[in-house]
There are 2 protein chains.
Amino acid sequence: MTTLNDVAKKANVSKMTVSRVINHPEQVTEELRALVHAAMKELNYKPNVMAKALANNRTQIIKLLILEEMDYVEPYYMQLLVGIANELDKHAYGLQLVTKRNTQIGDSDGYIVCGMREADYEWLNTLEKPIVLFGENTHGYNFVDSDNQKSIERAVDYAISLDYERIIFVGVDVNEPFAISREKGYLSAMERHNKYVSMFRLENRSKYSAAFVRENWETFVPNTAFICASDRLALGIIREVKEQGGSIPEDFGVIGHDGVFLDRIAYPYLTTLKQSVDKMGAATAQLVLQKINASGSDQGNILFDTELKLGGTTRLKKNQIHT
Amino acid sequence: MTTLNDVAKKANVSKMTVSRVINHPEQVTEELRALVHAAMKELNYKPNVMAKALANNRTQIIKLLILEEMDYVEPYYMQLLVGIANELDKHAYGLQLVTKRNTQIGDSDGYIVCGMREADYEWLNTLEKPIVLFGENTHGYNFVDSDNQKSIERAVDYAISLDYERIIFVGVDVNEPFAISREKGYLSAMERHNKYVSMFRLENRSKYSAAFVRENWETFVPNTAFICASDRLALGIIREVKEQGGSIPEDFGVIGHDGVFLDRIAYPYLTTLKQSVDKMGAATAQLVLQKINASGSDQGNILFDTELKLGGTTRLKKNQIHT
DNA sequence: CACTTTTCTGTTATCGGTAACACGAAATAT
DNA sequence: ATATTTCGTGTTACCGATAACAGAAAAGTG
């Protein structure tokens with residue numbers, strides 16, 4: 001491995017100059033800068049991350065805290081992880097995963113936290129390094145999330161544009177900001193369209209949404225769309241509507257939310273609001289790193305739009321050809 | 001942060017002695033050892049990983065290479081990752097994820113590789129640090145995997161013990177060791193039971209196994225069990241058997257393989273061979289670390305047994321009560 | 001008892017970087 | 001023209017650990 005020193009000799013300068021070229025190039029004359037760059041290229045110099053970390057009193061490690069029980073972890077976590085890890089990689093940062101079971105967490109330069117519940121916030125305060133959350137929150141932590149409200153609004157608009165008469169919202173029964181935002185999206189869109197609202201909250205498992213359909217089947221009339229706050233719930237709806245003999249998508253439309261993996265498991269493929277989870281992961285990583293470099297100061301939040309991904313659980317628009 | 005030096009002062013020894021207590025305790029008298037330990041505890045000393053890494057010319061980083069296209073990545077990767085990451089954490093190692101898109105991979109102390117295809121081996125040889133594969137292989141790389149052959153053998157045995165008359169194997173159509181081992185398991189069990197084999201290979205997607213059932217429905221007679229090489233294939237089988245009006249589990253049994261996530265998506269829950277993916281991940285991590293400490297020398301392989309996890313897609317045994 | 005060997009602990013140099021200071025040369029001010 | 005500042009670079013010390021060597025004390029030997 002070539003070191004700063006090797007480059008310095010090659011370029012006939014001190015290693016401090018080389019270091020400066022890398023970290024504070026404006027402090028070095030253009031002439032020397034060019035020399036050093038040439039030497040670095042020629043020797044294929046790669047900085048030693050550990051040495052840098054030691055000198056800067058950094059760890060070059062970001063901890064990813066997953067506070068949910070792993071049993072309930074949605075498949076999109078994998079994509080999230082890949083997004084985060086790839087981004088960190090680019091900046092020579094390593095990732096350490098911390099799940100609920102690891103009680104003690106070692107040293108790091110910053111944290112990314114997912115699966116937060118209200119109960120966790122107090123504990124979160126005890127962490128001393130910059131923190132970014134994956135998922136909206138009302139506690140002032142910087143976060144990255146989908147624009148949940150807008151997302152559901154669009155789903156409602158879309159369902160209505162397909163001439164579904166009744167629009168039912170099947171939400172998840174947790175008192176968390178993302179769930180509330182999705183409900184808000186439903187309510188505000190319904191108000192815009194001047195329609196009667198019909199909203200339910202269920203635990204986020206397909207068997208509960210299936211049971212929900214079974215128990216209320218008689219109250220559902222054809223030409224209804226179910227807007228679901230998760231693909232998981234949507235899956236149960238589809239299953240039981242079919243079971244009851246309802247026809248999808250003619251009499252009953254179903255739109256899910258998340259668009260990672262589960263929507264492709266459904267048959268037919270689920271129409272869903274797809275989150276760009278990998279991009280969101282990358283953005284989250286960037287946000288922590290940014291926050292670290294800014295000594296932990298506020299860096300704002302980032303909201304991503306979801307993408308309406310059409311499957312076979314909603315009607316085609318007039319004149320539309322199925323792809 | 002307390003350093004070696006702080007501890008040394010507290011214990012009235014040189015920092016070298018403290019370092020020895022940590023790394024080569026047998027070289028230090030019991031007396032001093034106790035002193036040092038007391039000082040470490042009192043000051044709550046945590047070694048600085050970066051400094052250690054620098055001194056040892058290590059990076060404290062393991063790269064996880066995922067060579068599959070992320071679209072096809074099974075949900076169990078998440079569990080695997082958690083298993084690996086938790087284990088690395090314990091040993092102060094960080095994880096870096098490398099997917100196919102990152103062409104150039106930075107420095108690390110070792111590699112864990114998953115999703116290997118035959119075509120990748122040549123490239124793999126160019127890596128210079130210890131490598132452990134997740135997944136059996138015939139190229140001499142140390143690996144961790146499930147005992148695929150034994151696993152399917154047990155599935156066949158179990159299906160027969162439930163008095164299913166015909167046993168059909170639905171394998172995945174790739175020429176990889178894991179797939180071949182699973183086929184072997186089927187063939188050897190069938191031979192033991194002296195039964196006619198009936199084996200198929202399909203691309204690993206539920207729509208293909210569903211199509212398979214649809215196209216061959218007339219050739220299937222009641223009292224048949226489908227042993228599938230993946231839960232994904234099993235899902236398609238269930239879906240189409242139901243569609244065709246076959247009754248599960250009375251006339252048709254279905255057993256999947258993997259037991260992560262997908263089996264719980266199925267309705268009814270799938271009977272499947274569950275891999276302890278998180279434990280396997282931990283074992284994989286241990287194996288690389290071990291290999292690193294042994295300067296890359298051969299460390300053997302580790303095979304895990306799968307666990308038969310009963311769902312509603314197989315009959316109950318006589319006298320068995322459904323839990 | 002003197003002489004070698006072993007055992008234990010401390011000293012020094014090093015890993016590959018960076019910050020803080022030092023210092024000569026060039027630029028600006030008086 | 002001299003005093004003062006700015007600029008650009010090199011020197012030194014240090015981040016927190018470890019290996020290699022050094023040297024004193026203890027143990028073993030004849």
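Throughout, a chain's letter reflects where its sequence line sits, starting with A, and its residues are numbered from 1.
Atom-to-atom, CG of N57(B) to C1' of dA20(D) comes out at 16 Å; the value is rounded to the nearest Å. One atom, CG of L43(A), and another, P of dG16(C), lie 14 Å apart when rounded to the nearest Å. Look at CD on E30(A): it is 11 Å from P on dG8(D), rounded to the nearest Å. Taking atom CD of residue Q27(A) and atom P of nucleotide dG8(D), one finds them 9 Å apart after rounding to whole Å. Residue Q60(B) contributes atom CD, which lies 17 Å from atom P of dG16(D) at whole-angstrom precision. Taking atom CE of M50(A) as the reference point, atom C1' of dG16(C) lies 12 Å away to the nearest angstrom. Regarding M1(A), its CE atom lies at a distance of 15 Å from the P atom of dC15(C), rounded to whole Å. Distance E26(A) CD to dT6(D) C1': 15 Å, rounded to the nearest Å.
Checked by distance alone, R20(A) brings a side-chain donor or acceptor within 3.5 Å of a matching partner on the base of dG10(D). Side-chain atoms of R33(A) stay outside donor-acceptor range of the base of dG8(D), with no qualifying N/O pair under 3.5 Å. The base of dG16(C) is not paired with the side chain of K15(A) by any donor and acceptor separated by under 3.5 Å.
Counting only distance, with no hydrogens or angles, the side chain of S146(B) and the backbone of N148(B) share no donor-acceptor pair below 3.5 Å. Distance alone, capped at 3.5 Å, is enough to place a donor-acceptor pair between the T59(A) side chain and the D109(A) backbone. With hydrogens and angles ignored, the 3.5 Å screen pairs a side-chain donor or acceptor of Q96(B) with a backbone N or O of Y93(A).
Residue whose closest nucleotide on DNA chain C sits further toward the 5' end, between T17(B) and A55(B): T17(B). Closest-nucleotide positions on DNA chain D for E31(A) and K52(B) were compared, and the one nearer the 5' end corresponds to E31(A). Between I22(A) and A51(B), the residue anchored nearer the 5' end of DNA chain C, judged by the nucleotide with its closest heavy atom, is A51(B).
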ask   = Going through the checks in order, is the side chain to side chain contact (heavy atoms under 4.5 Å, CB included) test met by I131(A) and L124(A)?
value = CA-CA 9 Å; I131(A) 299 174; L124(A) 203 61; 4.0 Å; yes
message = Run D258(B) and Q275(B) through side-chain hydrogen bond (donor to acceptor under 3.5 Å, both in side chains) and show every step you take.
response = CA-CA 5 Å; D258(B) 289 351; Q275(B) 311 192 62; 2.8 Å; yes
message = side-chain hydrogen bond (donor to acceptor under 3.5 Å, both in side chains), that's the test. Do S181(A) and E136(A) meet it? Break it down for me.
response = CA-CA 9 Å; S181(A) 293; E136(A) 51 176 303; 3.0 Å; yes
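For dT9(D), one of the phosphate oxygens OP1 or OP2 lies less than 4.0 angstrom from a side-chain nitrogen or oxygen of T29(A). At dT18(D), none of the side-chain N or O atoms of H24(B) fall inside 4.0 Å of OP1 or OP2 (strictly under the cut-off). For N23(A) and dT18(C), the shortest distance from a side-chain N or O to OP1 or OP2 is below 4.0 Å.
N56(B) comes within 4.0 angstrom of the backbone, heavy atoms only, and of no base. Counting any heavy atom pair closer than 4.0 Å across all strands shown, N48(A) reaches sugar-phosphate atoms only and no base atom.
Inter-axis angle, ends of the helix from dC1(C)-dG30(D) to dT30(C)-dA1(D), five pairs per end, rounded to 10 degrees: 40°.
For L4(A), taking side-chain heavy atoms from C-beta onward, the closest of the listed nucleotides dG17(C), dA20(D), dA19(C) is dG17(C). Listed candidates were dT9(D), dT9(C), dG16(C). Nearest to the side chain of L32(A) is dT9(D). Considering only side-chain atoms of T3(A), the nucleotide from dG17(C), dA19(D), dC21(C) that sits closest is dG17(C). When the nucleotides dG16(D), dT9(D), dA20(C) are ranked by their closest atom to the side chain of V28(A), dT9(D) comes out on top. Nearest nucleotide to the side chain of S14(B), out of dA17(D), dT11(C), dG10(D): dT11(C).
Residues D305(B) and K150(B) are paired through a salt bridge, judged by an N-O separation under 4.0 Å between the basic side chain and the carboxylate.
Using the six-membered ring where Trp is involved, Y121(B) and H139(B) have ring planes that are parallel, under 30° apart on the 30 and 60° scheme.
The minimum heavy-atom distance linking K63(B) with S108(B) is given by the pair CG-CB, 3.4 Å.
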